[in-house]
4 protein chains.
Amino acid sequence: MPSDRRRVRMGLAGLGRLGQFHAENMAGRVASLELVRVVDPIEEIASSAGERLGVAWSIAYDDVLNDSSIEAVVIAAPTPYHAPMIEQAAAAGKQVFCEKPISLEREPTERAIAATRDTGVKLQIGFHRRFDPDWVAATSRIKAGELGDVYLFRTSLRDMRPPSLEYIKGSGGFFLDVTVHDFDAARWMVGEIDEVSAFGAALTDPAFAAVGDIDNAVVVVRFASGALGVIDNSRAAGYGYECSTEVMGSRATARVGYDRRVNVEWLTPGAATRDYVSNFVERYPRAYVAELEAFAEAVRADRPVAVSGEDGLAAFTLCKAAERSLHDGRAVRLRHTDRDGHVYYEAA
Amino acid sequence: MPSDRRRVRMGLAGLGRLGQFHAENMAGRVASLELVRVVDPIEEIASSAGERLGVAWSIAYDDVLNDSSIEAVVIAAPTPYHAPMIEQAAAAGKQVFCEKPISLEREPTERAIAATRDTGVKLQIGFHRRFDPDWVAATSRIKAGELGDVYLFRTSLRDMRPPSLEYIKGSGGFFLDVTVHDFDAARWMVGEIDEVSAFGAALTDPAFAAVGDIDNAVVVVRFASGALGVIDNSRAAGYGYECSTEVMGSRATARVGYDRRVNVEWLTPGAATRDYVSNFVERYPRAYVAELEAFAEAVRADRPVAVSGEDGLAAFTLCKAAERSLHDGRAVRLRHTDRDGHVYYEAA
Amino acid sequence: MPSDRRRVRMGLAGLGRLGQFHAENMAGRVASLELVRVVDPIEEIASSAGERLGVAWSIAYDDVLNDSSIEAVVIAAPTPYHAPMIEQAAAAGKQVFCEKPISLEREPTERAIAATRDTGVKLQIGFHRRFDPDWVAATSRIKAGELGDVYLFRTSLRDMRPPSLEYIKGSGGFFLDVTVHDFDAARWMVGEIDEVSAFGAALTDPAFAAVGDIDNAVVVVRFASGALGVIDNSRAAGYGYECSTEVMGSRATARVGYDRRVNVEWLTPGAATRDYVSNFVERYPRAYVAELEAFAEAVRADRPVAVSGEDGLAAFTLCKAAERSLHDGRAVRLRHTDRDGHVYYEAA
Amino acid sequence: MPSDRRRVRMGLAGLGRLGQFHAENMAGRVASLELVRVVDPIEEIASSAGERLGVAWSIAYDDVLNDSSIEAVVIAAPTPYHAPMIEQAAAAGKQVFCEKPISLEREPTERAIAATRDTGVKLQIGFHRRFDPDWVAATSRIKAGELGDVYLFRTSLRDMRPPSLEYIKGSGGFFLDVTVHDFDAARWMVGEIDEVSAFGAALTDPAFAAVGDIDNAVVVVRFASGALGVIDNSRAAGYGYECSTEVMGSRATARVGYDRRVNVEWLTPGAATRDYVSNFVERYPRAYVAELEAFAEAVRADRPVAVSGEDGLAAFTLCKAAERSLHDGRAVRLRHTDRDGHVYYEAA
């Protein structure tokens with residue numbers, strides 16, 4: 001068996017909702033990796049996941065870092081832990097997959113990226129849409145020029161129900177928690193962004209306003225190419241989970257979207273009904289598998305990851321620009337420069 | 001035969017593209033009216049339409065105004081003629097249906113409205129979406145509260161190909177020519193608007209920029225209710241004509257859209273294809289009939305029209321706010337007051 | 001105004017459900033004809049329709065036949081009256097549009113056709129699908145050869161609720177009342193038929209079996225080309241009205257169908273819902289107008305009608321073959337011959 | 001780690017097209033089993049698959065049977081080997097998953113089933129639709145009575161391109177190779193079948209007729225409940241792969257179908273296009289994983305399998321009835337009896 005077909009041995013740290021979903025995928029749905037150990041500081045959570053999945057478990061992250069048979073780590077812990085955990089993993093020579101955002105602050109974000117660069121480990125950020133077959137199919141045709149000149153990018157990301165106020169307080173704010181995915185998608189599908197104008201409202205619960213946050217937003221962007229873009233986000237799209245996009249060009253327009261669990265139409269007098277997804281797990285079973293598959297393959301083949309820490313930083317900077325635009329009530333312009341194969345954003 | 005089932009005798013003035021379409025509808029598809037005479041200053045156009053449709057024709061608008069058997073007039077002439085023609089019709093005691101906008105300027109708009117009010121004739125503005133069965137069905141359920149609280153209004157109006165530069169120059173600008181329909185739809189479906197932020201670009205042809213106009217736009221609105229709205233418009237949506245909307249609420253979301261001529265799916269290796277509309281005639285055969293039907297019925301029953309001159313003025317004012325926002329690069333706030341059953345907008 | 005743009009003056013006889021619908025269309029939605037008089041033996045029905053539509057009314061069919069200003073008649077009376085009314089119209093020199101079937105028996109069918117042929121008046125049969133834009137679009141591409149060799153024809157015609165037992169008794173049986181439309185569509189879209197095998201069941205109400213009829217059927221046909229076809233029909237498709245088809249070929253497959261009143265999608269937690277048609281009036285607003293438009297144009301231009309009495313007879317003969325197949329429990333073969341531009345079927 | 005979460009160790013025998021697909025799924029996408037060894041008589045095929053997937057490989061089936069660490073075997077060898085391989089596996093005490101059909105003859109089918117029954121090993125047949133989330137969702141609601149009385153079952157199974165003539169010759173004929181899936185689906189979704197009438201044609205290639213086979217078929221069934229059913233099948237649906245169904249009842253109708261790889265709509269002037277599946281691998285990625293997951297879980301929990309050898313025999317008998325019907329040109333009636341929790345069919 002040639003070494004490039006080996007299963008990459010991985011640990012998973014953090015067994016919240018998304019961590020549990022990653023663990024399920026790693027344990028049984030990704031052929032190119034092997035889940036070796038799950039970690040969560042709460043013993044009951046760690047042990048029950050380990051037993052359910054048939055893998056080792058720990059309450060200490062170090063148990064993964066010190067296991068020389070483990071090549072890579074997937075970090076799905078709460079955001080404040082991301083940056084230090086990346087740095088520790090880098091110091092231990094582990095390849096890193098980390099959920100977005102790297103940090104709620106710029107400095108730890110940059111330091112975590114620098115740590116992986118200095119130690120030569122890979123750092124892939126969990127922008128799962130980049131790996132979903134639907135989005136990949138559309139984007140590859142867009143990049144091939146099939147749309148002609150792009151005039152408009154339009155995307156929606158909406159959660160069905162707001163998270164807890166506790167979560168909101170630690171989320172880094174609406175843009176960093178929600179819109180960050182759309183900024184990454186915009187950069188990936190259309191290109192770099194020159195200007196961000198954000199509009200927001202707290203419509204569902206006074207608690208959002210009380211903590212200085214919003215629950216619905218519209219963000220208008222102007223791409224370097226001149227194209228316009230518009231993002232709409234919600235924490236309370238009562239009907240379900242939405243993640244869809246449209247890119248309109250001079251010659252064609254592409255629409256990406258999918259919103260059902262099963263392909264059944266139910267016809268009753270006067271109505272044709274199908275089901276509708278309520279969260280990202282239902283919408284993206286393929287994307288979350290594919291991003292881990294791609295990460296394992298990048299490790300196996302020692303190739304660059306498809307979504308780098310620098311991409312995470314770029315999306316972070318765009319979110320911060322959106323925050324400023326919302327606060328100041330005006331458009332915020334950005335500069336972006338290419339350096340060493342990465343794009344770096346800064347305020348204009 | 002009771003008088004309220006009579007066919008309302010009407011004249012049509014202006015046989016451009018939309019005028020011809022109205023004429024076809026008036027001649028054969030609207031049971032509640034009878035097309036008596038068509039008017040166009042170009043004799044060849046007037047005569048050939050009259051002969052084709054089997055009705056009288058003239059080059060003089062007066063021939064309609066002076067015909068006492070004619071009860072109402074449909075004005076589809078170029079925009080600069082709208083306001084004076086409304087005033088003349090009002091003076092002649094004719095009921096008026098006029099295409100939008102009433103005028104490119106505020107003062108003639110207000111004067112035309114005043115003329116109809118003073119003479120007691122009706123003035124219906126051609127916002128056809130208000131009569132389309134799809135939009136009516138959605139709006140009536142929205143007004144019945146089925147969405148819960150509205151959080152987001154999102155709409156697209158896109159033309160496939162730009163009009164001539166000649167037309168552009170006289171169009172009153174992008175917002176007044178295109179977005180005006182969306183402002184009316186926003187007011188109708190969701191409610192009054194407090195703030196308008198417009199973003200535009202000239203992406204298809206340098207000629208747009210040369211005459212100080214744009215060809216693509218995104219407009220963000222904030223409703224009095226607090227809800228957000230986003231409108232995207234284009235003069236060059238290469239793939240076809242688009243007119244669709246989504247209203248998202250706390251309990252449900254409604255989507256309105258339709259985009260094909262015929263309901264045929266054509267399956268070939270690897271592809272499932274259906275056709276796509278390329279203009280408003282293909283998209284709205286029912287709406288353009290229904291708006292005339294509704295106008296005739298309002299005349300017959302002596303009821304208020306569903307879309308008044310004041311509604312046209314409100315949309316006009318919102319377009320002007322969009323222009324200012326685009327020019328100044330900031331949000332423009334508006335005040336609106338109720339008076340005599342109408343809503344009047346002014347700069348805040 | 002050249003004579004070929006005249007509105008053909010017509011009478012309508014029979015104001016049942018379909019007759020009323022025809023009357024509405026003739027009064028206001030078909031530019032090429034003018035409804036002059038409606039007839040129904042029940043005075044109240046005739047008078048109220050006449051007044052509502054603003055046309056003359058009678059209880060006597062003769063009032064139409066004797067009016068020399070009337071050029072054509074639309075017959076929507078109960079089936080037993082069709083054949084004699086066609087003969088009377090032919091004798092009076094009126095052009096005839098008649099609902100299907102011409103008769104429940106072969107001999108009156110043939111005699112009615114002969115009467116129109118002998119007097120040189122046109123006879124169009126009400127197979128409305130032949131004029132629906134959806135079906136026309138698909139069929140024209142099929143006839144152009146885009147499917148390659150046709151392998152399978154599949155079609156469904158289903159009513160939502162059974163008619164009254166009274167109606168059933170006089171309907172001529174399931175095939176002549178329902179399947180007749182599908183036999184015509186099969187011949188039009190694919191070609192002539194060599195063999196018919198019918199399967200039926202009375203599943204909804206014992207009354208069907210009591211009068212020797214069925215309420216659900218599957219009919220398999222073999223085309224002269226060798227292609228197979230399958231028709232399914234129901235009188236009690238609880239969910240709604242269905243009329244859709246698929247033609248599968250070696251290179252492509254075409255699907256025709258449409259099933260909603262308005263194009264609105266309503267999203268609620270877990271479900272995406274749109275409306276669904278419940279009858280032919282909701283499904284075919286365009287087809288019923290178009291068939292009358294085509295009839296009027298054939299009269300104006302003195303061209304052959306698109307669906308002849310002979311087409312009605314062919315479908316009738318196929319229905320009779322289906323009846324025999326159902327009764328005998330075996331396939332029934334047919335012969336068909338071309339004569340004078342028409343196809344005549346007989347038992348093989 | 002409790003034993004009921006163990007991964008069931010399995011071997012796979014037969015690395016044709018479907019076998020390779022099973023192997024990929026077993027190696028990386030089914031959490032409840034572990035692929036230990038792949039077998040194919042052609043060394044190059046076996047070795048390359050083993051190396052690619054990182055598992056042991058053999059050219060001898062015995063290597064699986066003699067490995068006491070292997071608990072179950074998946075048989076995807078050519079049909080003639082199925083029955084003997086089942087018997088060998090049963091003798092070795094291995095749990096068996098076998099592709100359909102068990103055999104082209106009744107006697108070996110019955111003997112293979114008896115062998116598993118006598119030795120107490122499970123035998124699951126590869127009717128994958130029973131495990132697809134779409135079909136499962138519809139069927140569970142149908143079984144819950146949501147349709148009311150079922151009137152019609154309609155299903156299509158179509159391959160895009162015919163297999164090789166070599167394959168055809170050994171396929172057991174059209175019904176046993178293709179329709180067998182639909183008979184199983186019909187029994188599962190609606191119930192037992194009393195009567196089968198088959199119609200077929202060889203339309204694509206004279207070679208089909210030369211070997212006494214067909215390439216397109218329509219089969220009408222009558223269920224014990226009285227409901228009608230219609231199946232259409234093709235070996236040459238040029239446009240793509242089709243597997244969809246509709247079950248119509250008195251209160252509602254369910255439609256199951258899905259036909260794309262990715263959820264992207266591509267809009268170009270006049271056309272809206274999406275992709276279309278071309279084979280069962282593209283259509284059923286979830287079903288083929290789920291049937292193996294279910295098999296592994298039945299083994300782990302020592303529960304009966306969801307699709308038994310007796311279900312395979314029932315579908316086999318229905319196929320043979322279809323063959324006889326096609327040959328004799330008449331309906332074939334069947335009797336079915338319940339015995340020991342299974343249904344057994346025989347000619348009436």
Side-chain angles (χ1 to χ4, degrees), chain C residues 147-154 156 158 160-161 195-205 209 214-223 225-240 242 244 246-255 259 276 325 328-331 333, chain D residues 147-154 156 158 160-161 195-205 209 214-223 225-240 242 244 246-255 259 276 325 328-331 333:
Chain C
L147 296 187
D149 296 330
V150 170
Y151 295 152
L152 180 73
F153 169 78
R154 193 175 85 156
S156 298
R158 305 170 186 162
M160 193 173 179
R161 275 180 288 268
E195 189 187 287
V196 172
S197 303
F199 304 84
L203 299 170
T204 63
D205 186 335
I214 57 175
D215 51 22
N216 281 274
V218 170
V219 179
V220 179
V221 303
R222 203 180 287 275
F223 291 93
S225 67
L228 296 171
V230 58
I231 298 164
D232 74 78
N233 297 134
S234 181
R235 289 223 186 260
Y239 69 103
E242 178 81 35
S244 54
E246 179 184 28
V247 187
M248 184 184 87
S250 55
R251 286 209 301 267
T253 285
R255 288 185 184 147
D259 51 23
Y276 206 88
S325 169
D328 295 355
R330 59 170 189 77
R333 295 192 57 80
Chain D
L147 296 187
D149 295 330
V150 170
Y151 295 152
L152 179 72
F153 168 79
R154 192 175 86 155
S156 297
R158 305 171 187 163
M160 192 173 180
R161 277 179 287 267
E195 190 187 287
V196 172
S197 303
F199 304 83
L203 300 170
T204 62
D205 185 336
I214 56 176
D215 51 21
N216 282 273
V218 170
V219 179
V220 179
V221 304
R222 203 180 286 273
F223 290 94
S225 67
L228 296 172
V230 59
I231 299 164
D232 74 77
N233 297 133
S234 181
R235 288 222 186 262
Y239 68 103
E242 179 81 34
S244 54
E246 180 184 26
V247 187
M248 184 185 86
S250 54
R251 285 208 302 267
T253 286
R255 287 185 186 148
D259 51 24
Y276 206 87
S325 169
D328 296 356
R330 57 170 189 79
R333 295 192 58 81

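The chains referred to below are lettered A, B, ... by the order of the sequence lines, with proteins before strands, and numbering in each begins at 1.
At a threshold of 4.5 Å between non-hydrogen side-chain atoms, the residues C/Ser156 and D/Arg154 count as touching. C/Thr204 places a side-chain heavy atom less than 4.5 Å from the side chain of D/Tyr151.
Proximity to chain C is limited to the backbone of D/Ala217, based on heavy atoms less than 4.5 angstrom apart. Only the side chain of D/Val230 comes within less than 4.5 Å of a heavy atom of chain C; its backbone N, CA, C and O stay farther away. For C/Val220, the part lying near chain D is the side chain, with the backbone staying farther off; criterion is any non-hydrogen pair under 4.5 Å. For C/Asn216, the parts lying under 4.5 angstrom from a heavy atom of chain D are both the backbone and the side chain. Using a 4.5 Å cut-off between heavy atoms, C/Leu203 touches chain D through backbone and side chain atoms alike. In this structure, the portions of C/Thr253 lying under 4.5 Å from any heavy atom of chain D include both its backbone and its side chain.
Listed options C/Met160, C/Arg251, C/Arg222 were ranked by heavy-atom pairs under 4.5 angstrom with chain D; first place goes to C/Arg222. For the set D/Gly200, D/Gly329, D/Gly229, D/Ser234, the count of heavy-atom pairs under 4.5 angstrom toward chain C peaks at D/Gly200. Comparing D/Arg330, D/Arg158, D/Glu195 by how many heavy-atom pairs each has under 4.5 Å with chain C, the most go to D/Arg158. Taking chain C as the reference chain and counting heavy-atom pairs below 4.5 Å, the highest number among D/Leu152, D/Asp149, D/Asp215 is found for D/Leu152.
For C/Tyr239, the ring-ring contact (aromatic ring centres under 6.0 Å, His included) test picks out C/Tyr276, with sequence neighbours left out. D/Arg161 pairs by the salt bridge (Lys or Arg N to Asp or Glu O under 4.0 Å) definition with nothing, not counting sequence neighbours.
The two residues C/Ala201 and D/Gly226 come nearest to each other via the heavy atoms CB-O, 3.9 Å.
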